[in-house]
Amino acid sequence: MKILVTGGLGYIGSHTAIELSKDYETVIVDNLINSNISTLKGINKIGFSKIIFEKLDLCNLNDVKSLFKKHPNIEGVIHFAALKNVSESVKDPLSYYQNNIISLLNLLSEINERKMKINFIFSSSCAVYGQSENLPISENEIKKPALSPYGNTKQICEDILTDFSKINSKFNVVSLRYFNPIGAHESGEIGELPKEEPQNLVPYITQSAAKIRGKLTIFGNNYNTPDGTCIRDYIHVVDLAKAHTCALNYLLDNKGVNNEFFNIGTGKGNSVLEIINSFEKVTGKKVVYKIGPRRPGDITAAYADNEKALKYLHWKPNYSLEDALLSAWNWEKNYRKT
Ligand code: NAD
Ligand code: UD1
């Protein structure tokens with residue numbers, strides 16, 4: 001079976017492509033807007049079968065048409081391709097709406113036109129819950145307005161997929177709402193490699209420890225949490241990657257499933273200071289930091305109720321926070337050496 005992985009040279013897509021390559025013929029598309037072609041070398045070094053790569057922009061409908069013409073036997077799509085920098089989306093909302101929505105619409109219109117039978121997995125985010133007051137956050141949580149244009153694109157894409165799945169019985173979709181993926185493949189061949197200065201906590205910590213960046217700024221220590229810093233649900237990226245193969249099997253096994261949503265997180269929350277302390281403990285590296293002001297749009301605490309994924313996807317996270325932080329550091333060290 002042939003599976004299309006959009007954004008497959010990115011952080012989560014590359015780890016998922018490795019998992020998929022055990023059982024499926026895998027085609028990656030990416031326009032390299034936030035990834036590096038060197039990742040393809042890493043993927044093919046550790047993947048289980050050869051992965052096909054097509055460089056193209058999903059916002060270009062003609063490119064998408066050519067893709068499906070070349071690979072008419074695609075039966076599954078995992079749609080990672082998107083812009084994901086929350087603060088950049090506040091400064092440049094149009095680019096985010098343009099890229100994240102048009103890329104999805106182009107894929108769907110081609111699937112529709114070709115009358116393809118497709119199992120589709122969408123990379124959603126806990127950002128769809130907005131400022132949730134209930135913890136842990138379950139899929140039944142009433143969605144609040146998103147706190148950023150980025151989060152809003154995820155809400156809109158979920159709605160587009162819901163509406164499309166209602167009119168197309170050959171189109172089955174699962175949206176996975178990721179919490180905070182961290183870490184890297186155990187080989188150290190692939191990991192998180194943002195093109196610009198990292199916005200997320202763990203790549204900033206590893207780059208700061210590798211002396212690529214200066215001091216880490218902790219965005220606020222006056223939140224209503226035990227140590228004053230924000231709490232998130234950090235999940236090893238390989239556990240997250242495996243959730244995609246579980247979701248694909250779920251769609252293949254449950255023919256009646258048309259449109260479902262799952263939280264993918266560990267179910268546990270850790271504060272920013274806990275992450276720094278754990279990183280120092282497992283790597284022996286000191287993280288130099290200062291306390292700065294709160295980052296606009298940050299929520300105090302978010303962690304997943306993951307019971308639905310455990311029950312229906314037959315998935316469970318296997319790695320610890322320490323495993324994830326150590327793998328992130330091993331990747332950083334390995335990459336900087338090359
Ligand atoms: P990433 O930026 O590393 O990967 C995204 C990939 O998509 C990049 O390689 C980029 O070049 C590609 N891309 C973007 N627009 C494209 C287009 N128009 N055409 C072709 N390729 C395009 O991001 P990631 O962390 O791997 O995230 C993957 C998905 O998961 C995204 O949809 C993101 O919003 C979502 N997500 C990520 C996180 C996180 O913390 N990393 C959390 C929740 C949800
Ligand atoms: C955010 C989004 C998530 C999105 C992801 C991808 C929300 C609620 N979450 O995750 O949907 O998919 O980005 O980019 O919108 N921190 C510091 N210093 C730093 C960096 C981060 O203190 O230099 C803190 C943040 O304030 C936060 C925690 O670390 O409390 C995690 O931040 P980050 O890694 O950016 O993830 P989220 O903001 O949770």
Side-chain angles (χ1 to χ4, degrees), residues 5-16 28-37 39 54-60 63-64 67 78-89 95-96 98-100 102-104 106-107 122-132 137 146-148 150-151 153-154 157 176-182 191-195 197-205 207-208 213 215-221 223 225 229-235 237 240-241 264-265 270-273 275-276 289-302:
V5 181
T6 76
L9 293 192
Y11 174 45
I12 308 168
S14 55
H15 289 83
T16 304
I28 286 179
V29 305
D30 204 299
N31 65 353
L32 302 177
I33 194 169
N34 195 37
S35 49
N36 197 302
I37 194 68
T39 302
E54 308 280 358
K55 180 173 185 290
L56 62 86
D57 184 350
L58 292 163
C59 291
N60 181 328
D63 281 4
V64 177
L67 171 74
I78 308 194
H79 182 45
F80 293 101
L83 297 175
K84 63 154 185 181
N85 181 331
V86 173
S87 42
E88 188 182 67
S89 81
S95 295
Y96 275 69
Q98 169 86 18
N99 190 70
N100 294 2
I102 301 293
S103 57
L104 176 67
N106 283 348
L107 282 170
F122 175 62
S123 290
S124 192
S125 166
C126 63
V128 298
Y129 295 113
Q131 184 86 48
S132 166
I137 304 172
L147 298 171
S148 67
Y150 163 78
T153 69
K154 294 294 173 190
C157 287
L176 299 180
R177 294 171 176 165
Y178 314 154
F179 280 67
N180 290 60
I182 59 166
E192 192 162 9
L193 189 56
K195 274 200 163 163
E197 183 174 354
Q199 302 296 314
N200 297 110
L201 180 64
V202 172
Y204 201 101
I205 289 177
Q207 291 196 12
S208 172
R213 307 280 162 204
K215 262 186 203 168
L216 170 79
T217 303
I218 295 183
F219 299 139
N221 67 348
Y223 283 94
T225 61
T229 63
C230 292
I231 291 175
R232 296 286 184 275
D233 184 333
Y234 296 93
I235 176 160
V237 67
L240 174 59
I264 305 295
N270 287 101
S271 72
V272 176
L273 279 171
I275 296 296
I276 293 171
Y289 66 83
K290 61 175 191 243
I291 306 295
R294 289 182 176 198
R295 181 171 67 174
D298 262 344
I299 55 177
T300 305

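For ligands, and for the atoms within them, numbers begin at 1 and follow the listed sequence.
- Scanning for ring pair (Phe, Tyr, Trp, His ring centres under 6.0 Å) contacts around Y178 gives H244, with sequence neighbours left out.
- At a threshold of 4.5 Å between non-hydrogen side-chain atoms, the residues L240 and P181 count as touching.
- The nearest protein atom to atom 33 (P) of ligand 2, hydrogens excluded, is given as N200 ND2, 3.4 Å; this is a heavy-atom distance.
- In this structure, atom 12 (O) of ligand 2 lies nearest to the protein heavy atom Y150 OH, 2.9 Å.
- Between L56 and L58 there is a side-chain heavy-atom pair separated by less than 4.5 Å.
- Annotation: side chain of Y96 is in contact with side chain of N85 (closest heavy-atom distance under 4.5 Å).
- For the pair L216 and ligand 2, the shortest N or O to N or O distance does not fall below 3.5 Å.
- Within the 4.0 Å cut-off (strictly below), a protein heavy atom is located near atom 37 (P) of ligand 2.
- Here the heavy atom of the protein found nearest to atom 1 (C) of ligand 2 is V86 CG2, 3.9 Å.
- The protein atom (non-hydrogen) at minimum distance from atom 14 (O) of ligand 2 is K84 O, 3.0 Å.
- Taking the side chain as every heavy atom from C-beta outward, S14 and L9 never approach each other to under 4.5 Å.
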Show your reasoning for whether salt bridge (charged side-chain N to carboxylate O under 4.0 Å, His left out) applies to K84 and E192. CA-CA 13 Å; K84 63 154 185 181; E192 192 162 9; 3.7 Å; yes
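- Closest heavy-atom approach to atom 30 (O) of ligand 2 within the set P203, A146, C230, S123: this belongs to C230.
- Annotation: atom 35 (O) of ligand 2 to nearest protein heavy atom, R295 NH2, 2.9 Å.
- Contacts between Y178 and ligand 2, counted as non-hydrogen atom pairs separated by less than 4.0 Å, are absent for every part of the residue.
- In terms of protein heavy atoms, atom 7 (C) of ligand 2 is closest to A127 CB, 4.3 Å.
- Looking at K154 against ligand 2, nothing comes within 4.0 Å, counting heavy atoms.
- Protein heavy atom closest to atom 22 (O) of ligand 2, with residue, atom name and distance, is F219 N, 2.9 Å.
- F179 approaches D233 most closely through the heavy-atom pair CB-O, 3.5 Å.
- Between F179, Y204, Y234, it is Y234 that holds the heavy atom closest to atom 28 (C) of ligand 2.
- Only the side chain of D298 comes within contact range of ligand 2, with a heavy atom under 4.0 Å; no backbone atom does.
- Side chains of S87 and R295 form no contact here, defined as non-hydrogen atoms less than 4.5 Å apart.
- Ranked by closest heavy atom to atom 24 (C) of ligand 2, the top entry among N270, V272, I205, N221 is V272.
- In the model, Y150 has no side-chain atom that pairs as donor or acceptor with a side-chain atom of E88 under 3.5 Å.
- Set against the non-hydrogen atoms of N180, the atoms of ligand 2 under 4.0 Å away are 10 (O), 36 (O), 37 (P), 39 (O).
- Neither the backbone nor the side chain of I275 has any atom closer than 4.0 Å to an atom of ligand 2 (non-hydrogen atoms only).
- Under 4.0 Å from any atom of ligand 1, one finds heavy atoms of residues G7, L9, G10, Y11, I12, D30, N31, L32, I33, N34, S35, L56, D57, L58, C59, F80, A81, A82, K84, N99, S123, S124, S125, Y150, K154, Y178, F179, P181.
- In this structure, the side chain of K195 engages the main chain of S35 through a donor-acceptor pair within 3.5 Å.
- The distance criterion of under 3.5 Å between nitrogen or oxygen atoms is not met by N85 with respect to ligand 2.
- The shortest contact between atom 11 (O) of ligand 2 and any protein heavy atom is with S125 OG, 2.5 Å.
- For ligand 2, the atoms lying closer than 4.0 Å to a non-hydrogen atom of Q199 are 20 (C), 35 (O).
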